[in-house]
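Reminder, nothing fancy here: chain letters follow the sequence lines and each chain counts from 1.
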Amino acid sequence: MPGPDRARAHSAPGRDPPPRHLGAARTENFCYSRRPEMAHPASLLADTVRKAVVDAFGPEHAGADPAVHRSAFADYQADVALRLARAVKRPPLEIAELLAQKVEVSGLCSEVRASRPGFVNFTLDRAFLERSVEALARDERAGVPRAERPETVVIDYSAPNVAKEMHVGHLRTTVIGDALARLLGFLGHRVIRQNHIGDWGTPFGMLIEHMLDIGVGATDELGLFQFTEFYQAARKKFDDDPAFADRSRKRVVLLQQGDAETLALWERLVEASRVYFRAVYDKLGVLLEDSDIRGESAYNADLPGIADELERRGIARVDDGALCVFLPEFTGRDNEPLPLIVRKRDGGYGYAATDLAALRYRVETLGATRVLYVVGAPQHQHLAMVFAVAKRAGWLPDSVRAEHVAFGSILDENRKMFRTRAGESVRLLALLDEAIERAERAIREKNPELPAEERAEVARQVGIGAIKYADLSTERIKDYVFDWSRMLAFEGNTGPYLQYAHARICSILRKANETGIALASDLLRGQVPEGVRVELGEPAERALAIELLDFAAAVDAVGVALQPHRLCSYLYELANTFTAFYEACPVLRADNPALRDSRLVLAAATRRVLATGLGVLGIAAPARM
RNA sequence: GCGCCCCUAGCUCAGUUGGAUAGAGCACCGGACUUCGAAUCCGGUGGUCGCAGGUUCGAGCCCUGCGGGGCGCGCCA
């Protein structure tokens, strides 16, 4: 039952202060077309509230978070008064009232009112919204400003192993990393992708010997690509045949010594893998290229220096033959400090040394101000230790942020690790092909008129998009359940649903164009002629406008928190808001041409935001499906 | 044993630095197509937010303890 508090708290006549009605909007203050970059409503409101706080309570509160966000009781609300109450020793409502009076919102809001117990509610001005949506509709960036202070962001992701097939375990790191790379790049940061492939280590001894056994040329025909069989055959010989094992060990030594012939054989394996990686990345539609590859081997020459410096400066010490860094803040069994092993007892270097060298390279050579590791959650402690050691050694200064972008596992319907029936890891290429096949079947059934050639391409976009979206749309730290029928559903928060929403809008614009509406051909080319005006007379139109203008805030939030699922939620909400608009407001059959054009612009703006939003997630937005 | 992560409706998941009434989809029940793409839409049923304390004007969110699940914890990466 609805509680009485609600009425008392929010709308009791005479209890809340009267609303502050503002005069006619001076929209020229917010004429976006004159600005190099747009600012979205939430940030404009935050700025103006911040000023009002300083104005009312002094500069010592300049740092107070205005706490502006969307509201169920207005367009936006600010909660800063509630938080300020203690500091300024005044009742929250009084503070809210004062802020409502002081806040400078002419041209931005049509109404500002305080509400118990201490909220400030903002209603955006209609003309402001209309002009802003017009600007968004003709802005290639759909209203997203570039970062004021661009950073150099190094993103470490994907990292498959040479001479091994990629499997589901590589899906999340590759998809999440790609989305973050696109999104941060879109925000104007300098993004440097780093594919830290596993191209070094003792297994290469047996792999090279096996390659010699079956004929060097054979690896060129590994095709797409029987690395698993290749690897397993080598492994079996290593375990069963002492002579082969002996050769393998000697080969490792040759490799580490830089023997030219051995290196050439090794390079042959790496190149075969690069061909394979390209095929996977191409099918998956991610940005990674050969030039992004900087594997473990790239740091070989740095490892002795890393070890020496740590030992010389007393950060590391030899324990039981191995060079270790002990960090008091990390403990393991028996409460003993946990070692980070830099150099093994046999003189070889472990992956900790490589990670340290890579981090130093990224900071000192690449000039990173932010380093992201898109790596599974189980590695959290390892990375935390690497960061801690790097900090202590001065390789990771306070001016650089190193962040572990951790993610959970992919589970099957029984909540077990996602594997084949035989208990093997699922091949990534097979998984992608199945997604495409399933999408193809669905499209053929639901839209038989689509030409076969186009259908094949759309099936690829929908199938891959479904897999990516399923991965990106839940909070990444949690495990998620892999479910074909859910991710390929056209209902709910799925990739296909958003792609459908986009395709349907395209269809409206196409139809308008075919009907001979002049504006439509401009809109299809992404252009909005001068003079076309958006009118927001209906609540559904107004709601859509506000949602559209929130796009920048959604993208920005992901850039900070590195949580792509927030952008997914936003896009899903936008699609729903558009549908509500579309149900309530006839577009092609609007009452008059001006209203029809206004609604076409709203549709075009929605299309742009959907396509841009899906694009920064790495998901295609087909015009028909 | 120590540490990290997770626990929200029958299922799968949202819930923005603590803010006004905890929301979607699926499933189930009932509606809406001679009408812009019904692949879309609109209602309804359904929740002691794992449990118990604490901090706060206010806790799904923060702190402590407990329970359940997952994963790490010296020479693989």
Indicate, with a heavy-atom threshold strictly under 4.0 Å, whether A:Lys446 touches base, sugar-phosphate, or nothing. base

For A:Asp79, which contact category applies under a 4.0 Å heavy-atom criterion: base, sugar-phosphate, or nothing? base

Aromatic rings A:Phe581 and A:Phe578: how do their planes relate, parallel, tilted or perpendicular, breaks at 30° and 60°? tilted

With the sugar-phosphate defined as primed atoms, P, OP1 and OP2, and the base as all remaining atoms, what B/S/- string results for nucleotides 7-12 of chain B, 5' to 3', for protein heavy atoms under 4.0 Å? S----S

Using the P atom on both, measure B:rU45 against B:rG30 and round to a whole Å. 15 Å

Under a 3.5 Å cut-off for both contacts, is B:rC26 paired Watson-Crick or G-U wobble with anything, and if yes, with which nucleotide? B:rG10

On a whole-Å scale, what distance lies between the P atoms belonging to B:rC76 and B:rG68? 35 Å

In whole Å, what separates the C1' atom of B:rC7 from that of B:rC13? 13 Å

If you measure from the P atom in B:rC57 to the same atom in B:rC41, how many Å do you get, rounded? 44 Å

Distance check, P atoms only: B:rC66 and B:rC4, in whole angstrom units. 13 Å

Provide the Watson-Crick or G-U wobble partner of B:rA39, both distances under 3.5 Å; none if there is no partner. none

Between A:Gln379 and A:Gln77, which has a closest nucleotide on RNA chain B that is more 5'? A:Gln77

Across the strands shown, which category fits A:Cys324 at heavy-atom distances under 4.0 angstrom: base, sugar-phosphate, nothing? base

Within residues 578-588 of chain A: residues closer than 4.0 Å to RNA chain B (heavy atoms): A:Thr579, A:Tyr582, A:Glu583, A:Cys585, A:Pro586, A:Val587, A:Leu588

Base, sugar-phosphate, or nothing for A:Arg476, non-hydrogen atoms under 4.0 angstrom? nothing

Using only atom types and a distance under 3.5 Å, with no angle test, would you say the side chain of A:Arg510 pairs donor to acceptor with the backbone of A:Ala623? yes

Would you kindly check if the NZ (Lys) or CZ (Arg) of A:Lys164 is within the cone defined by 45 degrees around the ring axis of A:Tyr231 and under 6.0 Å from the six-membered ring centre? yes

Checking A:Arg294 against A:Tyr299: charged group under 6.0 Å from the ring centre and within 45 degrees of the axis? yes

Closer than 3.5 angstrom, by distance alone: can the side chain of A:Arg235 be matched with the main-chain N or O of A:Pro203 as a donor-acceptor pair? no

Under 3.5 Å donor-acceptor, A:His502 side chain and A:Pro622 backbone: yes

For the pair made of CG in A:Asp346 and P in B:rC75, what is the distance, rounded to whole Å? 12 Å

For atom C1', what is the distance between B:rC61 and B:rU56, given to the nearest Å? 13 Å

Can you tell me the pairing partner of B:rC51 across any strand shown, Watson-Crick or G-U wobble, with both distances under 3.5 angstrom? B:rG65

Applying a 4.0 Å non-hydrogen cut-off, can you work out what A:Gly198 is touching in the nucleic acid: base, sugar-phosphate, or nothing? nothing

Counting any heavy atom closer than 4.0 Å, what does A:His565 reach on the DNA or RNA strands: base, sugar-phosphate only, or nothing? sugar-phosphate

Looking at B:rU35, I'd like to know if its phosphate oxygens (OP1 or OP2) sit under 4.0 Å from a side-chain N or O belonging to A:Arg589. no

How would you label the contact of A:Ala322 with the nucleic acid (heavy atoms, under 4.0 Å): base, sugar-phosphate, or nothing? base

Would you measure the distance from the C1' atom in B:rC62 across to the matching atom in B:rC49 and give it in whole Å? 16 Å

Residue A:Asp479, side-chain heavy atoms: nucleotide from B:rG70, B:rU17, B:rG25 that is nearest: B:rG70

Examine distances only and state if a side-chain atom of A:Ser473 and a backbone atom of A:Tyr469 form a donor-acceptor pair shorter than 3.5 Å. yes

Could you please name the option among B:rC5, B:rG70, B:rG37 that lies closest to any side-chain atom of A:Lys511? B:rG37

The side chain of A:Arg345 is closest to which nucleotide in this list: B:rC75, B:rC5, B:rG37? B:rC75

Just checking A:Asn447: base, sugar-phosphate only, or nothing, at a heavy-atom cut-off of under 4.0 Å? base

Between A:Thr354 and A:Arg566, just flag the one whose closest nucleotide in RNA chain B comes earlier from the 5' side. A:Arg566

Donor-acceptor pair, A:His382 side chain versus A:Gln379 backbone, under 3.5 Å? no

hbond_proxy A:Asp319 side chain to B:rG74 base (donor-acceptor, 3.5 Å cutoff): yes

Measure OH/A:Tyr76 against C1'/B:rG19 and give the value in whole Å, please. 17 Å

Shortest non-hydrogen pair, A:Thr494 vs A:Ala489, comes out as OG1-O, 2.7 Å

I'd like to know if A:Asp320 reaches the base of B:rC75 with its side chain such that a donor and an acceptor end up less than 3.5 angstrom apart. yes

Determine the contact category for A:Leu338: base if any of its heavy atoms lies under 4.0 Å from a base atom, sugar-phosphate if only primed atoms, P, OP1 or OP2 are that close, otherwise nothing. sugar-phosphate

So, under a plain 3.5 Å distance rule, would you say the side chain of A:Asn121 forms a donor-acceptor pair with the base of B:rA20? yes

Base partner of B:rC75, which must satisfy Watson-Crick or wobble distances under 3.5 Å: none

Just call it for A:Ser507: base, sugar-phosphate, or nothing, with non-hydrogen atoms closer than 4.0 Å on any strand. base

Across all strands, who's sitting opposite B:rG60 as a Watson-Crick or G-U wobble pair, both distances under 3.5 Å? none

Nearest heavy atoms of A:Asp75 and A:Ile546, plus distance in Å: OD1-CD1, 3.3 Å

So, do A:Tyr497 and B:rA39 meet the stacking rule of ring centres under 5.5 Å and planes under 30°? no

Which value, in whole Å, describes the distance between the C1' atoms of nucleotides B:rG65 and B:rG58? 24 Å

Short question: side chain of A:Trp266, backbone of A:Asp199 - any donor-acceptor pair under 3.5 Å? yes

Under a 3.5 Å limit on both distances, the Watson-Crick or wobble mate of B:rC4 is B:rG70

